Amino acid sequence: MNYIEISRFIIFTFISYLIGSIPFAWLAAKTFKKGDIRKKGTGNVGGGNTMLVVGKIVGVVVLILDICKGASAAWLGLYFFNSTLALMIFGIASIIGHCNSIFLKFSGGKGVSTILGVYAVIDFKLFLLIYFIWAALVLITKYSSISTFVMSIIYPFVLAYLGKDFYHVLFSILAAIIITINHRDNIA
């Protein structure tokens with residue numbers, strides 16, 4: 001890579017971080033005059049807490065928008081660089097932005113929906129399968145956090161088994177680490 005390509009890569013990484021930093025849950029709570037979502041419900045800046053604080057329909061919209069943040073960052077890597085490494089780095093940047101939003105003084109959500117968006121770009125059919133398995137686990141266990149944690153641990157093995165390239169598997173391992181760190185209170 002030459003200087004221009006490196007500069008372009010850094011700029012797109014920062015753009016991906018900014019995309020991830022858009023706090024849709026916080027904006028929804030403010031729009032519907034529910035105050036600061038970080039101080040209500042679970043305190044999380046994500047779709048689940050938006051469902052609790054603002055309502056189910058708005059929560060689902062926030063969930064979809066958070067998924068789109070990860071998907072759009074990953075898509076930037078594929079479209080502008082045609083690279084799974086770029087997909088992974090831009091995806092991670094968007095997840096970091098979601099969890100540590102520059103617009104919320106580096107606070108944010110747990111990153112699960114944004115991670116799902118990146119997974120959807122990696123392999124949409126596999127994303128749907130994993131999503132339905134996660135939903136089944138939620139119905140069985142009644143705990144979204146346990147289901148999320150279990151699926152994040154399983155996903156890298158599924159990708160490796162299916163022969164996905166090194167960067168996709170590495171991304172899924174990093175995603176599992178992020179999910180584990182962000183759910184440590186729930187796990188305890």
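None of the values given here were measured: they were computed from a predicted structure. Note: hydrogens, waters and symmetry copies are ignored here, and every other heavy atom, side chains too, is used.
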A.B. asks: Is a side-chain N or O of S94 found less than 3.5 angstrom from the main chain of G20, in a donor-acceptor match?
C.D. replies: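 Flag not set: sc S94 to bb G20 has no pair under 3.5 Å.
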A.B. asks: Taking a hydrophobic cluster as the set of Ile, Leu, Val, Met, Phe, Trp and Tyr residues connected by side-chain heavy atoms closer than 4.5 Å, whether directly or through intermediates, do F14 and I4 fall within one such cluster?
C.D. replies: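 Different hydrophobic clusters.
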A.B. asks: May I have the step-by-step check of side chain to side chain contact (heavy atoms under 4.5 Å, CB included) for I92 and I178, ending in yes or no?
C.D. replies: CA-CA 10 Å; I92 291 289; I178 291 168; 4.2 Å; yes
A.B. asks: With a 4.5 Å heavy-atom cut-off, do V61 and V58 have their side chains touching?
C.D. replies: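 Answer no - side chains too far apart.
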A.B. asks: Pick from F171, Y167, F9: which one makes a ring pair (Phe, Tyr, Trp, His ring centres under 6.0 Å) with F90?
C.D. replies: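 The ring pair (Phe, Tyr, Trp, His ring centres under 6.0 Å) with F90 is passed solely by F9 among F171, Y167, F9.
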A.B. asks: Measuring from atom CG of L116 to atom CE of M151, what distance do you get when rounded to the nearest 0.5 angstrom?
C.D. replies: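 So the gap between those two atoms works out to 10.0 Å.
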A.B. asks: Taking the side chain as every heavy atom from C-beta outward, state whether H168 and M88 have any atom pair closer than 4.5 Å.
C.D. replies: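 Not touching, per the 4.5 Å side-chain cut-off.
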A.B. asks: Nearest heavy-atom pair of G35 and A29: which atoms, and what distance?
C.D. replies: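 Taking G35 first and A29 second, the nearest heavy atoms are O-CB, 3.4 Å.
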A.B. asks: So do the side chains of I122 and T84 get within less than 4.5 Å of each other, counting heavy atoms only?
C.D. replies: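 A side-chain contact under 4.5 Å is absent here.
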A.B. asks: Does I89 belong to the same Ile/Leu/Val/Met/Phe/Trp/Tyr cluster as L18, with side-chain heavy atoms less than 4.5 Å apart forming each link?
C.D. replies: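 Yes: a chain of side-chain contacts under 4.5 Å links I89 to L18.
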A.B. asks: Give me the atom names and distance for the closest heavy-atom approach of W134 to T148.
C.D. replies: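 Heavy-atom minimum between the residues: NE1-OG1, 3.0 Å.
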A.B. asks: Heavy-atom count around L139 CG within 6.0 Å, excluding the residue itself: above 12?
C.D. replies: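 Above 12, so yes.
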A.B. asks: Measure the spacing between SG of C68 and CG of L63 and express it to the nearest 0.5 Å.
C.D. replies: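 So the gap between those two atoms works out to 9.5 Å.
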A.B. asks: More than 12 heavy atoms of other residues, nucleotides or ligands under 6.0 Å from CD1 of I6: yes or no?
C.D. replies: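 Yes, the 6.0 Å shell around CD1 holds more than 12 heavy atoms from other groups.
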A.B. asks: Heavy-atom distance under 4.5 Å between the side chains of E5 and F81, does that happen here?
C.D. replies: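 They are not in side-chain contact.
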A.B. asks: Counting only heavy atoms not in K56 (residues, nucleotides, ligands), do more than 12 fall under 6.0 Å from its NZ?
C.D. replies: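 Atom NZ in K56 is not packed in, count stays at 12 or less.
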A.B. asks: If hydrophobic clusters are built by linking Ile, Leu, Val, Met, Phe, Trp and Tyr wherever their side-chain heavy atoms come under 4.5 Å apart, do F132 and V150 end up in the same one?
C.D. replies: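 Yes, F132 connects to V150 through the hydrophobic network.
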A.B. asks: OG/S16 to CG/L76 distance, rounded to the nearest 0.5 angstrom?
C.D. replies: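 Between S16 OG and L76 CG, I get 5.0 Å after rounding to 0.5 Å.
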A.B. asks: Identify the heavy atoms of S152 and I179 that sit nearest to each other, and give their distance.
C.D. replies: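 Minimum heavy-atom separation between S152 and I179: CB-CD1, 3.5 Å.
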A.B. asks: Answer yes if I37 and I64 sit in the same cluster of Ile, Leu, Val, Met, Phe, Trp and Tyr residues linked by side chain heavy atoms under 4.5 Å apart, and no otherwise.
C.D. replies: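 Not linked; separate clusters.
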A.B. asks: Quick check: closest heavy atoms across V53 and G41, and the distance to 0.1 Å?
C.D. replies: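 Looking at all heavy atoms of both residues, the closest pair is CG2-N, 4.0 Å.
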A.B. asks: For the residue pair F12 and F80, does the interplanar ring angle fall in the parallel (under 30°), tilted (30 to 60°) or perpendicular (over 60°) class?
C.D. replies: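 Ring orientation, 0 to 90° scale: tilted.
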A.B. asks: Would you please say whether a donor-acceptor pair under 3.5 Å links the side chains of D66 and T114?
C.D. replies: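 D66 vs T114: no donor-acceptor pair found between side chains.
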A.B. asks: Do F124 and F127 have ring centroids that are under 6.0 Å from one another?
C.D. replies: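 When the ring centroids of F127 and F124 are compared, they turn out to be within the sub-6.0 Å range.
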A.B. asks: Checking F103 now: which residues fulfil ring-ring contact (aromatic ring centres under 6.0 Å, His included) with it, not counting sequence neighbours?
C.D. replies: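 In terms of ring-ring contact (aromatic ring centres under 6.0 Å, His included), with neighbours along the sequence ignored, F103 is linked to no residue.
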A.B. asks: Using a 4.5 Å cut-off on heavy atoms from C-beta on, say whether the side chain of V158 contacts that of L129.
C.D. replies: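 The answer is no, as the side chains (C-beta and beyond) never meet within the 4.5 Å cut-off.
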A.B. asks: Between K69 and S21, is there a donor-acceptor pair closer than 3.5 Å when you use the side chain of the first and the backbone of the second?
C.D. replies: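 No; judged by distance alone, with no hydrogens or angles, the pair does not exist.
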A.B. asks: Within the distance-only criterion (no hydrogens, no angle test), does the side chain of K40 pair as donor or acceptor with the backbone N or O of K34 below 3.5 angstrom?
C.D. replies: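 Looks like yes, one N/O pair under 3.5 Å.
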A.B. asks: The criterion is side-chain contact (heavy atoms from CB on, under 4.5 Å); which residues satisfy it with L104, sequence neighbours excluded?
C.D. replies: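 So L104 forms a side-chain contact (heavy atoms from CB on, under 4.5 Å) with P23, W26, R38, V45, S101, S107.
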A.B. asks: Can you give me the closest heavy-atom contact between A71 and V121, atom names plus distance?
C.D. replies: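 Result for this residue pair: O-CG2, 3.4 Å.
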A.B. asks: Check whether L85 and I10 end up in the same hydrophobic cluster, where Ile, Leu, Val, Met, Phe, Trp and Tyr are linked by side-chain heavy atoms less than 4.5 Å apart.
C.D. replies: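 Shared cluster, yes.
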A.B. asks: Using atom types as modelled and distance alone, determine if a side-chain donor or acceptor of N44 lies under 3.5 Å from a backbone N or O of N49.
C.D. replies: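 Side chain of N44 to backbone of N49, a donor-acceptor pair under 3.5 Å: no, none is there.
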A.B. asks: Locate the shortest heavy-atom distance separating S147 from V138; write the atom from each residue and the value.
C.D. replies: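 Heavy atoms only, the tightest pair is OG-N, 3.1 Å.
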A.B. asks: With rounding to the nearest 0.5 angstrom, report the CD1 to OG distance, I67 to S113.
C.D. replies: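 Those atoms lie 5.0 Å apart.
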A.B. asks: Looking at Y119 versus Y131, is the centre-to-centre ring distance below 6.0 Å?
C.D. replies: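 No, ring centres 6.0 Å or more apart.
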A.B. asks: Would you say L126 and L159 make side-chain contact, with heavy atoms under 4.5 Å?
C.D. replies: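 Sidechains of L159 and L126: in contact.
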A.B. asks: How many angstroms lie between CG in D165 and CG in L170, if you round to the nearest 0.5 Å?
C.D. replies: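 One gets 10.0 Å once the value is rounded to the nearest 0.5 Å.
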A.B. asks: I'd like to check S83 versus L78 (side-chain heavy atoms, cut-off strictly below 4.5 Å). Are they in contact?
C.D. replies: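 Sidechains of L78 and S83: no contact.
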A.B. asks: Using 0.5 Å steps for rounding, measure from the CD1 atom of I130 to the CG atom of D123.
C.D. replies: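 The distance works out to 9.5 Å.
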A.B. asks: Is the number of heavy atoms from other residues, nucleotides or ligands under 6.0 Å of N82 CG greater than 12?
C.D. replies: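 Result for CG/N82: open.
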